[in-house]
Amino acid sequence: MTSIQSVLQETRIFPPPAEVVARATVSGMAAYEALCREAEADYEGFWARLAREHLSWKRPFDEVLDESRVPFYKWFADGDLNVSYNCLDRNVEAGLGEKTAIIFEADDGKVTKVTYRELLARTIAFANALKSQGIAKGDRVVIYMPMSIEGVVAMQACARIGAIHSVVFGGFSAKSLQERIQDAGAVAVITADEQCRGGKTMPLKPAVDEGIAMGGCESIRCVIVYRRTGGPCRMLAGRDLWWHELIANQPETCEPEWVEAEHPLFLLYTSGSTGKPKGVQHSSAGYLLHAVITMKWVFDIRPEDVFWCTADIGWVTGHTYIAYGPLACGATEIIFEGIPTWPDAGRFWKLIQDHKVSIFYTAPTAIRSLIKAGPELPRQYDLSSLRILGSVGEPINPEAWMWYYTEVGGSRCPVLDTFWQTETGGHMIAPLPGATPLVPGSCTLPLPGIQAAVVDENGNELPWGEGGSLVVKKPWPGMLRTIWGDPERFVKSYYPIEFGGRLYLAGDGAVRDAKTGYFTIMGRIDDVLNVSGHRMGTMEIESALVANPLVAEAAVVGRPDDLTGEAICAFVVLKGERPQGAAAEQMATQLREWVGKEIGPIAKPRDIRFGDNLPKTRSGKIMRRLLRQLARGEDVAQDVSTLENPAILEQLKAGV
Ligand code: WTA
């Protein structure tokens, strides 16, 4: 891959700016190394110290790490706390009651601010509302909401009463929603009437009705609807309740439910290489510690900062760096409802200017699309408030990195390429702004206490310079605890026996620089695609396609794409004749819509190709390697002698 080649040949090094070093929480490489040494010398003591210093406990813990049932690790297990208390009450108690917690900018530009005191009051009201519906500790609650203050309130309120939330991205279809409700056994769904994006309103609630009507959602007792637009919204008597009616006249206090450290805070469904999306289960204390400590180490958060993470709360980034991390640090943060390109491609830059954003965290896809839409646009805005820039979700190519650094950051702000996953809870490999010299295209070094390594297929550590599989050698507090309802899949996916059962397998390829040991992530090594920073399983899309009555067989692969990182390419065999010309075009459109309905618009294949068959070995195995080459438009020059039906390749060469 050319982009990886250019990363590996990257020689530009950007030392941390002196002003940032001078004020940073972790100032200078020596300070970073000291933390790493502390963790090496006394791993448990290191995390215990941080957990005591950065979290507020109702009942302090004595046990640090419980390894009695590997890989079902437990952290701080005999301690009790409440996540919402840590995010809200303790800030109010510390005198931050009048500080702005959230600056919400709506799609149409309308700005609403809430202080910590108000956010706490709203969370209490909604927590009491949930309780009034009989929702209690351990119940699962699905949240299917647009970007809003209420979205965060819903998450915080669940945390307050010990209910386990599972946020489903608003772009997922009714079917995806139904699958998640069913798998989680959710008792309630919290949603909105409509959502607003790019000057348009789109219905949201009907997808909930449709999803529940598909069946398997008998666990649902109520649907709570936040009125975002006031547009038409059908309410089912006896099941559906308006948010605003429910919070009226609720008591003004709500004692937090003190939960054990390991009590699940949330489930978040994510794609794997096989089967249906898996419900990644996170803990309360360990997860929150990871959120807080990375806000401090990586974002160097300080009281006067205005923090803006552009992710949606439907993804893990929106959990750790919107709903929990910034609030637990008493920060002021932005929540943005709209899209980066409306009313024009200067929207992000205008927001940074208007709200004096100092830390900005976004995805390479957004950066690339904004470069395309207006490389000179940032210059028209005053971006001098920025101090730190971050990137997440997929590899950032050096060209995009350089533009971000110079055009957005004015060559003053460190660009932090943060590598992590839904499963890891927070950043794993990332530069510290006041310490780590930056190299475009590299996420640099693991955080203190994170023992990342690159290994071969037997789990043996490789020398620097050799590419292999990314693993983490020791458990860490923020890691996932299991897959909801499927502990075996947890073990198989992340602690495979081939790797000795004690290495956490990230599923990504990586290489360390031969001289510096810096990590470069080379992308997924399993059947997971990364499209615009969204994780999609190829099997998931394939099963969506074959669920269509016209489709006999389908294989999905990714191909590199300048804008979205990867693009989805589907090879399809229909039950009837292979369509050609206009008929093929029509069929491709129909199948795209179908996948949009089955999973969500983000899963629609960019490229669909029809064949009488798929390239298979004599034993009937689909040769994905060939499909990947075809998708890239490469000549399939390799030896195809093992191929049962070489003639098929010709048909699959061209897209529709
Ligand atoms: C990819 C998002 C390269 C990687 C937080 C990982 C990255 C998957 C980076 C997780 C990065 C994330 N550089 N690749 N800085 N950050 N990835 O679960 O393939 O949505 O396994 O979590 O995104 O995606 P997820």
Student: Should the heavy atoms of other residues, nucleotides or ligands under 6.0 Å from CZ of R234 be counted, would the total exceed 12?
Tutor: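 Not more than 12 within 6.0 Å, no.
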Student: Can K616 and E553 be said to form a salt bridge (Lys or Arg N to Asp or Glu O under 4.0 Å), step by step?
Tutor: CA-CA 12 Å; K616 288 178 188 150; E553 207 175 4; 2.9 Å; yes
Student: Looking at K175 and E598, does any basic side-chain N land under 4.0 Å from a carboxylate oxygen?
Tutor: yes
Student: Does this structure show an ion pair linking D612 with R578, if we count only N-O contacts that are shorter than 4.0 Å?
Tutor: yes
Student: For the pair D562 and K372, evaluate salt bridge (Lys or Arg N to Asp or Glu O under 4.0 Å) and give the outcome as yes or no after the intermediate values.
Tutor: CA-CA 10 Å; D562 283 347; K372 208 171 158 203; over 6 Å; no
Student: Determine, stepwise, if the pair D417 / T444 fulfils side-chain contact (heavy atoms from CB on, under 4.5 Å).
Tutor: CA-CA 8 Å; D417 177 2; T444 75; over 6 Å; no
Student: Give me the ring orientation class for F72 and F490: parallel if the planes are under 30° apart, tilted from 30 to 60°, perpendicular past 60°.
Tutor: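 The rings of F72 and F490 sit tilted, inter-plane angle from 30° to 60°.
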Student: Under the side-chain contact (heavy atoms from CB on, under 4.5 Å) rule, what do V439 and Y518 come out as? Steps first, then yes or no, please.
Tutor: CA-CA 9 Å; V439 174; Y518 273 23; 3.8 Å; yes
Student: Is the shortest side-chain heavy-atom distance between T320 and Y287 below 4.5 Å?
Tutor: yes
Student: Check this for me, if you would: do E634 and R559 make a salt bridge, where the nitrogen-to-carboxylate-oxygen distance has to be below 4.0 angstrom?
Tutor: no
Student: In terms of the angle between their ring planes, are W476 and Y504 parallel, tilted or perpendicular, with boundaries placed at 30° and 60°?
Tutor: perpendicular
Student: For the CD1 atom of I541 and the CD1 atom of I568, what is their distance to the nearest 0.5 Å?
Tutor: 3.5 Å
Student: For the backbone of V455 and the side chain of E461, can you confirm whether one donor and one acceptor N or O come within less than 3.5 Å of each other?
Tutor: no
Student: Specify the closest pair of heavy atoms between I602 and M536, including all atoms of both residues, with the distance to one decimal.
Tutor: CD1-SD, 4.0 Å
Student: Is there a donor-acceptor pair under 3.5 Å between the side chain of T424 and the backbone N or O of M479?
Tutor: no
Student: Which atoms form the tightest heavy-atom contact between A631 and V557, and what is the distance?
Tutor: CB-CG2, 3.8 Å
Student: Mark yes or no for whether Y144, through its side chain, and F172, through its backbone, hold a donor-acceptor pair below 3.5 Å.
Tutor: yes
Student: Which pair of heavy atoms, one from P549 and one from W594, lies closest together, and at what distance?
Tutor: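 Of all heavy-atom pairs spanning P549 and W594, the closest is CD-CH2, 4.1 Å.
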Student: May I have the step-by-step check of salt bridge (Lys or Arg N to Asp or Glu O under 4.0 Å) for E399 and R12, ending in yes or no?
Tutor: CA-CA 12 Å; E399 302 70 38; R12 286 169 288 196; 5.9 Å; no
Student: Please check if the side chain of H319 supplies one atom and the backbone of I313 the other of a donor-acceptor pair under 3.5 Å.
Tutor: yes
Student: Applying the side chain to side chain contact (heavy atoms under 4.5 Å, CB included) test to E423, which of L268, V316, V280 qualifies?
Tutor: V280
Student: Once you round to the nearest 0.5 Å, how far does CG of N645 lie from CZ of R618?
Tutor: 9.5 Å
Student: Side chains of Y321 and T294 only: does a donor on one sit below 3.5 Å from an acceptor on the other?
Tutor: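 Note: Y321 and T294 side chains meet the donor-acceptor criterion.
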Student: Return yes if some donor-acceptor pair links the side-chain N/O of S273 with the main-chain N/O of V528 below 3.5 Å, else return no.
Tutor: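 Side chain of S273 to backbone of V528, a donor-acceptor pair under 3.5 Å: no, none is there.
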Student: Show, in sequence, the C-alpha distance, side-chain angles and deciding distance for F360 and F348, and conclude whether the ring-ring contact (aromatic ring centres under 6.0 Å, His included) test is met.
Tutor: CA-CA 10 Å; F360 179 62; F348 272 8; 5.7 Å; yes
Student: Kindly give the heavy-atom pair with the smallest separation between P579 and L574, and that separation in Å.
Tutor: CD-CD1, 3.5 Å
Student: What are the two closest non-hydrogen atoms of V454 and G468, and how far apart are they?
Tutor: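 For V454 versus G468, the nearest heavy atoms are CG1-N, 3.4 Å.
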Student: Is there a donor-acceptor pair under 3.5 Å between the side chain of D456 and the backbone N or O of N458?
Tutor: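 Flag set: sc D456 to bb N458 pair under 3.5 Å.
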Student: Under 4.0 Å between a Lys/Arg side-chain N and an Asp/Glu carboxylate O for E394 and R524?
Tutor: no
Student: How long is the gap from CD1 on I521 to CD1 on I396, to the nearest 0.5 Å?
Tutor: 14.0 Å
Student: Find the distance between CD1 (I190) and CE (M155) and round it off to the nearest 0.5 Å.
Tutor: 10.5 Å
Student: Do you know the tightest heavy-atom contact between E407 and P375?
Tutor: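 What the structure gives for the nearest pair is OE1-O, 4.1 Å.
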Student: Are the side chain of S442 and the backbone of L438 linked by a donor-acceptor contact shorter than 3.5 Å?
Tutor: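 The answer is no, because no donor-acceptor pair under 3.5 Å joins these two groups.
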Student: Describe, in one word, how the ring planes of F266 and H165 are oriented to each other, choosing from parallel (under 30°), tilted (30 to 60°) and perpendicular (over 60°).
Tutor: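 F266 vs H165 ring planes: parallel.
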Student: Will you find, in the side chains of Y361 and T418, an N or O donor that is under 3.5 Å from an N or O acceptor?
Tutor: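 Yes, side-chain donor-acceptor contact under 3.5 Å.
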Student: Does the S148 side chain pair with the main chain of G151, one donor and one acceptor, at a distance under 3.5 Å?
Tutor: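 Pair found, side chain donor or acceptor close to backbone of G151.
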Student: Indicate yes or no: does R624 engage D527 in a salt bridge with an N to O separation below 4.0 Å.
Tutor: no
Student: Taking E337 first and then R228, would you say they form a salt bridge - that is, a charged N and a carboxylate O separated by under 4.0 Å?
Tutor: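 The answer is yes: the pair qualifies as a salt bridge.
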Student: Salt-bridge test for E194 and K205: reply yes if a basic N is under 4.0 Å from a carboxylate O, no otherwise.
Tutor: no
Student: Whether E466 and R512 form a salt bridge (side-chain N of Lys/Arg under 4.0 Å from carboxylate O of Asp/Glu) is what I want to check.
Tutor: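 Here R512 does not pair with E466 in a salt bridge, since their nearest N and O are not under 4.0 Å apart.
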Student: Return yes if a side-chain donor-acceptor contact under 3.5 Å exists between E540 and S271, otherwise no.
Tutor: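 E540 vs S271: donor-acceptor pair found between side chains.
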Student: So does A184 get a backbone contact from the side chain of R140, meaning a donor-acceptor N/O pair under 3.5 Å?
Tutor: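 Side chain of R140 to backbone of A184: a pair is present.
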Student: Are the side chain of E542 and the backbone N or O of V556 linked by a donor-acceptor pair below 3.5 Å?
Tutor: yes
Student: Indicate whether the side chain of Q586 and that of Q590 have a donor and an acceptor atom separated by less than 3.5 Å.
Tutor: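 The answer is no; no qualifying pair exists.
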Student: Do the non-hydrogen side-chain atoms of T317 and C309 ever get within less than 4.5 Å of each other?
Tutor: yes
